Amino acid sequence: MPELPEVETIVRDLSKSLEGKIFSDVIVRDDFLLRQRREDFVRRIRKKSVAGISRRGKAVIIGLSCGSFLVIQPMMTGQLVIDGQEDRHSRIVFNFSDGTRLLYNDQRRFGQLRAVDDLKDVPYFNILGPEPFAAQFSPAYMAWAFRRSRRPVKNSLLDHTFVAGIGNIYACEILFRSALAPRRQACRISEEKIKTVHRFIREVLNEAIAHRGSSMRNYRDGRGRKGAFHGRLAVYGREGLPCPRCRRAVKRVIQAGRSTFYCGHCQK
DNA sequence: AGGTCGACCTGGCAGC
DNA sequence: TGCTGCCAGGTCGACC
């Protein structure tokens with residue numbers, strides 16, 4: 001489900017509502033999502049307060065008062081909703097001492113939750129590339145990475161060891177704005193064009209955050225609401241509909257097992 | 001060693 | 001109505 005803008009929106013919602021609150025109880029309805037024994041998971045969280053909430057890639061990090069962390073990867077269909085209605089997809093319920101309740105809902109059960117002392121204990125963080133808004137993620141870094149890669153540029157954008165947080169929706173949108181064909185080999189893109197892509201990576205993600213993300217099917221923010229960026233998508237999910245720039249039909253192809261939406265006329 | 005592909009799991013929707 | 005097949009925002013490990 002959520003890519004960087006959606007996870008960022010969730011993190012901002014949760015920060016406002018949960019910081020300083022104390023976990024009074026953790027109810028695990030589905031052990032499958034945990035990467036440790038249930039008793040260990042619950043013991044590390046109960047009675048601790050929320051020191052801070054942040055994001056790395058597509059993972060939510062809840063810092064606990066004792067210096068440890070609750071790390072949540074919502075994957076495709078995970079949701080973190082405050083004071084929402086419980087349903088059959090509510091896999092884990094976090095209760096706070098003031099009566100606030102945080103639900104972890106997940107239709108497909110791909111999500112992963114861990115309570116760890118050290119973020120290095122989360123394998124995902126050890127392989128993750130730079131954040132797209134970090135200084136380290138520069139046009140020069142992109143050019144260095146692209147030079148040595150023969151795969152299609154769409155695959156590079158989806159590779160989280162190259163850059164964290166970009167998923168299928170925003171990879172398509174970034175390439176559309178960059179007027180770049182998704183199947184173009186990364187090593188065959190000019191330095192000038194790489195600068196353009198770099199600029200649009202940040203621009204598209206920033207706009208999506210400003211609109212609280214995109215809701216295709218399952219995504220909800222921390223208050224259980226849909227994102228508003230969905231209606232602003234130029235190509236994603238729009239096969240056969242007119243390209244907003246030239247009005248020709250948007251095409252769909254499969255790359256790396258995922259749908260890619262693009263305009264064959266505007267993107268070269 | 002870089003890169004691709006299927007598996008993981010559930011459910012909604014289109015087509016027949 | 002009910003069945004089948006396809007599709008879905010992510011990640012990892014097996015394999016070429």
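For clarity, every value in this text was computed on a predicted model and none was experimentally measured. Here is the naming used below: chain letters follow the sequence lines, and residue numbers restart at 1 for every chain.
OP1 or OP2 of dG3(B) lies within a sub-4.0 Å distance of a side-chain N or O belonging to S149(A). OP1 and OP2 of dG10(C) both lie 4.0 Å or more from every side-chain N or O belonging to H160(A). For N155(A), a side-chain nitrogen or oxygen approaches OP1 or OP2 of dT4(B) to under 4.0 Å. Residue Y124(A) places at least one side-chain N or O closer than 4.0 Å to OP1 or OP2 of dT11(C). Between R258(A) and the phosphate of dG10(C), there is a side-chain N or O to OP1/OP2 separation shorter than 4.0 Å. Contact annotation: R88(A) reaches the phosphate of dG11(B) (side-chain N/O to OP1 or OP2, under 4.0 Å).
Closest to the P152(A) side chain, of the nucleotides dA8(C), dG10(C), dT4(B), is dT4(B). Ranking dC12(C), dT10(B), dC7(C) by closeness to the S259(A) side chain, first place goes to dC7(C). You'll find that the side chain of Q107(A) is closest to dG11(B), out of dA8(C), dC8(B), dG11(B). The H89(A) side chain lies nearest to dG11(B) when the options are dG11(B), dC7(C), dT11(C).
The side-chain contact (heavy atoms from CB on, under 4.5 Å) test with I169(A) singles out one residue from V235(A), I174(A), L233(A), V204(A), and that residue is L233(A). Checked options V71(A), L113(A), L80(A); the residue passing with V60(A) is L80(A) (criterion: side-chain contact (heavy atoms from CB on, under 4.5 Å)).
Residue I127(A) is in sugar-phosphate contact alone, with no base atom involved, counting any heavy-atom pair closer than 4.0 Å across all strands shown.
Using a 4.5 Å cut-off on side-chain heavy atoms (C-beta onward), R177(A) and E203(A) make contact.
The partner of dC13(B), taking Watson-Crick or G-U wobble pairs whose two distances both stay under 3.5 Å, is dG5(C). Remark: dA1(B) base-pairs with no nucleotide in the shown strands. Criterion, Watson-Crick or G-U wobble with two distances under 3.5 Å.
In this structure, CD1 of I169(A) is placed 14 Å from C1' of dC7(C), rounded to the nearest angstrom. Rounded to an integer number of Å, the gap from CZ of R91(A) to P of dG11(B) is 7 Å.
With F176(A) as the aromatic partner, R245(A) meets the cation-pi criteria of under 6.0 angstrom to the ring centre and within 45 degrees of the ring axis.
Per the stacking criterion (ring centres < 5.5 Å, plane angle < 30°), F110(A) does not stack onto the base of dT11(C).
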